[in-house]
Asker: 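Pasting in a structure now, in C-alpha cells, and then I'll have a few things to ask.
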There are 2 protein chains.
Amino acid sequence: MTTLDDVAARAGVSTATVSRALTRPNMVAAATLERVQRAVQELGYHHNAAARALATGHTGLIGIAVPTLASSYYLPLISGAQARAEASGYEIVIVDSQGSEPREATLLARLTNRVDALLLAGSRLSDAAIRDIAETLPVATFNRAIPGVSATVIEVTQAFSELGRFLREQGHQRIAYIGGPPGSATDARRMHALRSAFIDDSGDHDPPATSPLNSTQRSVDILGPVAPSFSAGGDLAEQITESGDTAVVAYNSAVALGLMHRLGTLGVRVPEELVLATGDDLVGRALEISHFVTVSQPMAEAGAHLVDLALQQLSTSGSSRQSKFPDPDAASRESQPDCEDATSTDLHFTLHAVANVPSTGGGNELVTR
Amino acid sequence: MTTLDDVAARAGVSTATVSRALTRPNMVAAATLERVQRAVQELGYHHNAAARALATGHTGLIGIAVPTLASSYYLPLISGAQARAEASGYEIVIVDSQGSEPREATLLARLTNRVDALLLAGSRLSDAAIRDIAETLPVATFNRAIPGVSATVIEVTQAFSELGRFLREQGHQRIAYIGGPPGSATDARRMHALRSAFIDDSGDHDPPATSPLNSTQRSVDILGPVAPSFSAGGDLAEQITESGDTAVVAYNSAVALGLMHRLGTLGVRVPEELVLATGDDLVGRALEISHFVTVSQPMAEAGAHLVDLALQQLSTSGSSRQSKFPDPDAASRESQPDCEDATSTDLHFTLHAVANVPSTGGGNELVTR
DNA sequence: TTGTAGGCGTTATCAG
DNA sequence: CTGATAACGCCTACAA
C-alpha cells in the first residue's frame, strides 16, 4: 500500500505538504502542488480511510437503517440517499433490522462509532432510544417526527384529497375506496381526505354553476381493508361491478393490478369504463403500466433530504477538529428549492406525495398520465 | 467518546488487557475479564472502527457495486450479502455505478482502501480492470467468470430445460416463447434450452409408451424479442390466441402480467386455458401472484456466496498481521451445503435457477405452485 | 497473566 | 509556504 510518505519521498517534500496539497491545494505553491500531483498519479496513491478517520474524527460513512430489504419500498430512499451522499464524498452503509427492535438496537450500536451520521427509516426504536442516539450522532428520521430530531416526512394525505377532487371534477357520482392494510392509522386519514374532497366541493374556487350536482348525491363505498395482494384485489371485482361505482381508489398497486385483471375478465375496461387509482406507484413504475391514476411518493428526494439533514447537523455541531471533507461538487448542487415547510430551527422537512392525475386542460377525458 | 483508556482506568488494568479481554477473552484471567466487561458495560464502550482498522489493516467493510439501484433486480443480492456479512461482523457499503464504466472505476478506486473486499455485480469494467483490482483486494464477481477471480454464477438455462420438459410432459403440443430484451445473448440460450427440452424427449428415462406422440408434432413459436413492459406483453395476446398455443413462456414477468391481463380481456383464463411461465419471479413475488409457472433465481443465496468467497480469500491470503475479527456467530452457520459445483481451486460457484413447476405427483392438472 | 511501548497513516499545530 | 512532530485509538510483540 502506498502511503503519504511514499508520495512525499517521490515529490521531494514532506508528508505535511503532501497532505495539504491533497486537502487544501490553495495552501501550497503551484510548483509544489504540481509535483505532488504528479507523484500521486505515478504512484496511484489513494487516501487510507482509516488513518484519515482516526486523525479527523470523520469516517466519511453514513449509515441507513431500514426494516427490510426484502421489499423494494425503501429502495428508492436508499438510492436517493446514496446519490446525495456520494456527491458529498460520503459512502452509504446499510443496516437491515428485519423489523426487529433489539436487532436494530444492536446493529446501530455497532455502527455508532463507525459512521458520521445515521438515517433511520421505519425504525422500531422508541422515541427515547432514538433521541439518545441523536445525542451522540447526527440522526435524521424518515416519516417519523420526534421533537429535537431531524426528520423528513412525506405527506400523502393531501394527494388523496387531490385524487378526490379530481374524481369529483371528472363527474363521478359513486366511487369505491379499497383500504388497507388492516389496522393502519394512515389508511383512515387517507380515506377521509379522499371522501371529503370527493363529496364536498365548498373548497373550490369555480362557481358552483359548473357543477350542477348536489354534493349529497355523491358517495364513497368503503371496501376492505384487504391484504396487499393481487388476489385480494381481484376478489373485489364482482362487488364493484355490481355496485355501479365508476372509479376505484386502491391503497396499493398490487391490489389495483389484481382488480384490473379480474375486471378485464368480466369485460370491464380500465380506464375507459372504470377509473382505477392507486395509493402508490411501485408496481406501475416497475412494470411501466399506464392504466392507473397513481399517487407517487418522492422517496428518492426524501432519501437525499435525509442526507442533507444529517450533513447539516454535521457542519453545525462543529466538532473539536472542524476540518470537513472537501465536497467534490457542492457548487453544482442547488439549495433545496423543492423542499417546502422547512424550518431551520427544528430541521423538519415535509415532502408531498403527488397524485399523478391527467391534466384537466382539455376536458374530462379519462386518459391517465 | 469513551476509549480503551477510559475502560482500562475504570477496571484498574492496562489498555492492553482491555484490548485482549475484548478480542481474545481466553487470554485473560476470569476475574480480570469480568471486571473489564463490567467497565465496558458501565461506560457503554464500543470499538472505534477507524483506530481498529488502522491498527489491524482490516476495515470490517465489504463493498458491493451494482449497475443500478433503480430496479429491484439486485435487491435480493444485496440483501443476501448484507445478511451474511453481518453474521461475520462485516458491514456492507453500496456503490451504484449507474451503468457507467468510468463512474464505476472512480467509485471503486475511492473504495479500494476503505473496504476489505469488493463484490462486483453487473460490472461494466473490463476483465483486465477487474483482474487488476483483484490483485489489490479480494474480489468476487456475480454472473461473470474471469479466470483467476472468484465468482458466483446463477445458471438459468437449465431451468428453461426443466420448463420445456414440464410442458412436454403436460401434453402441450404447441407453445410460444416470448424472448427479450432485444440483443440478449442469454436469451438465445434460454430459448434453445426450452425448445430442445420441449421437442426432444430422448433424454427421459420413462419408456416412450407414456408419450405416444412423435416429437415432430411439437413446436415452439418464437415471438419477440419485446421490451420488458406490461404493454409489450399485452400486445401479443391476439397473436397467441389465434396461434393455438396452449402455453407461453415469457422471459420476464412484466411481459407475462401484461399478457395475462389482455388474455383475460379476450376471455382466456390463466392458467386454466393457457399456461403462462416466466423467466423470473420478481413481480410475482412482490404481488403474490400464483397464476404463473416461474423460474426463480437464488439471488439472495448468490449474495451470501459472494461474501463467503470474499471472506475466504481474506483468510487465505494471510496478511502481514493475521489477526481476524472475531466472528460473532460462526458456529451457528453451517458450511454451505446448498452450494454445488464448488471447486476449492478456482473459487467459482454455480447456483442453479429452479423452475417452480407444480409437482407432477397427482397427474397432469395445470394448477401452478 | 499482565504491563510497557512502538507503530498503523493521516491531519494539525507550531515554528521556521 | 513548508517541515518537524504530536496526537488520533487500538493492537501486539516483547518483557516482566
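Note that the coordinates shown come from a computational prediction; the quantities given were computed from them, not determined experimentally. Just so we're on the same page: letters track the sequence lines, and every chain starts at 1.
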Asker: Decide yes or no for B:Leu120 and B:Val149: does some side-chain heavy atom of the first lie under 4.5 Å from some side-chain heavy atom of the second?
Answerer: no
Asker: Quick one: B:Met27 CE to D:dT12 P, roughly how many Å, whole number?
Answerer: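 After rounding, the reported distance stands at 10 Å.
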Asker: May I have the list of side-chain donor-acceptor pairs in residues 26-36 of chain B shorter than 3.5 Å, sequence neighbours left out?
Answerer:
| residue | atom | partner | partner atom | Å |
| --- | --- | --- | --- | --- |
| B:Arg35 | NH1 | B:Ala11 | O | 2.8 |

Asker: On DNA chain C, nearest-nucleotide positions of B:Asn26 versus A:Leu4: which is more 5'?
Answerer: B:Asn26
Asker: Distance check: side-chain N/O of A:Thr17 vs OP1/OP2 of D:dG3, anything under 4.0 Å?
Answerer: yes
Asker: Checking contacts here: which listed nucleotide (D:dG3, C:dT10, D:dG9) is nearest the side-chain heavy atoms of B:Ala51?
Answerer: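 For the B:Ala51 side chain, the nearest candidate turns out to be D:dG9.
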Asker: If I take atom CG in residue B:Asp6 and atom P in nucleotide D:dC8, what distance separates them, rounded to the nearest angstrom?
Answerer: 12 Å
Asker: Under 4.0 Å between a side-chain N/O of A:His47 and OP1 or OP2 of C:dT11, yes or no?
Answerer: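 Yes, because at least one side-chain N or O of A:His47 sits under 4.0 Å from OP1 or OP2 of C:dT11.
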Asker: Check every atom of C:dT2, C:dC8, C:dT10 against the side chain of B:Ala29 and return the nucleotide holding the closest atom.
Answerer: C:dT2
Asker: So, does B:Arg20 get its side chain near the phosphate of D:dC10, meaning an N or O under 4.0 Å from OP1 or OP2?
Answerer: no
Asker: Any residue in residues 31-40 of chain A with a heavy atom nearer than 4.0 angstrom to DNA chain C? Just list them by number, or reply none.
Answerer: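 Contacting residues: none.
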Asker: In whole angstrom, give the distance that lies between atom CG of B:Leu54 and atom C1' of C:dT11.
Answerer: 12 Å
Asker: May I have the distance from A:Asp5 (atom CG) to C:dC8 (atom C1'), rounded to whole angstrom?
Answerer: 11 Å
Asker: Indicate the ring-plane relationship of B:His305 and B:Phe349, choosing parallel, tilted or perpendicular according to the 30° and 60° boundaries.
Answerer: parallel
Asker: Looking at B:Arg110 and A:Glu86, does any basic side-chain N land under 4.0 Å from a carboxylate oxygen?
Answerer: no
Asker: Within less than 4.0 Å of OP1 or OP2 of D:dC11, is there a side-chain N or O belonging to B:Arg52?
Answerer: yes
Asker: Is there a residue in residues 7-16 of chain B whose heavy atoms reach under 4.0 Å of DNA chain D, and which residues are they?
Answerer: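 Listed by number, they are B:Ala16.
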Asker: Nearest to the side chain of A:Ala55 - C:dA12, D:dC10, C:dT10?
Answerer: C:dT10
Asker: Report the residues that fulfil side chain to side chain contact (heavy atoms under 4.5 Å, CB included) with A:Ser126, sequence neighbours left out, ordered by chain and then residue number.
Answerer: A:Ala128, A:Ala129
Asker: Could you tell me how far apart A:Asp116 (CG) and D:dC8 (P) are, to the nearest whole angstrom?
Answerer: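 Taking atom P of D:dC8 as the reference, CG of A:Asp116 is at 18 Å.
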Asker: For C:dT11, does either OP1 or OP2 sit under 4.0 Å from a side-chain N or O belonging to A:Ser19?
Answerer: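 Answer yes for this pair, as a side-chain N or O of A:Ser19 is under 4.0 Å from OP1 or OP2.
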Asker: To the nearest 0.5 Å, tell me how far A:Asn48 CG sits from A:Leu4 CG.
Answerer: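 Answer rounded to 0.5 Å: 9.5 Å.
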Asker: Rounded off to whole Å, could you give me the CG-to-C1' distance for the B:Leu22 and D:dC10 pair?
Answerer: 11 Å
Asker: Among all residues two or more places apart in sequence or in another chain, which pass the side-chain hydrogen bond (donor to acceptor under 3.5 Å, both in side chains) test with B:Thr17?
Answerer: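 Result, side-chain hydrogen bond (donor to acceptor under 3.5 Å, both in side chains) vs B:Thr17: B:Ser14.
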Asker: Looking at residues at least two apart in the chain, or sitting in another chain, which of them share a side chain to side chain contact (heavy atoms under 4.5 Å, CB included) with A:Ala49?
Answerer: B:Arg114
Asker: Determine whether the side chains of A:Ser150 and A:Gln313 contain a donor N or O and an acceptor N or O closer than 3.5 Å.
Answerer: yes
Asker: From CZ of B:Arg24 over to P of D:dA13, roughly how many Å is that when rounded to an integer?
Answerer: 8 Å
Asker: Is it true that the side chains of A:Asp116 and A:Thr59 contain a donor and an acceptor less than 3.5 Å apart?
Answerer: yes
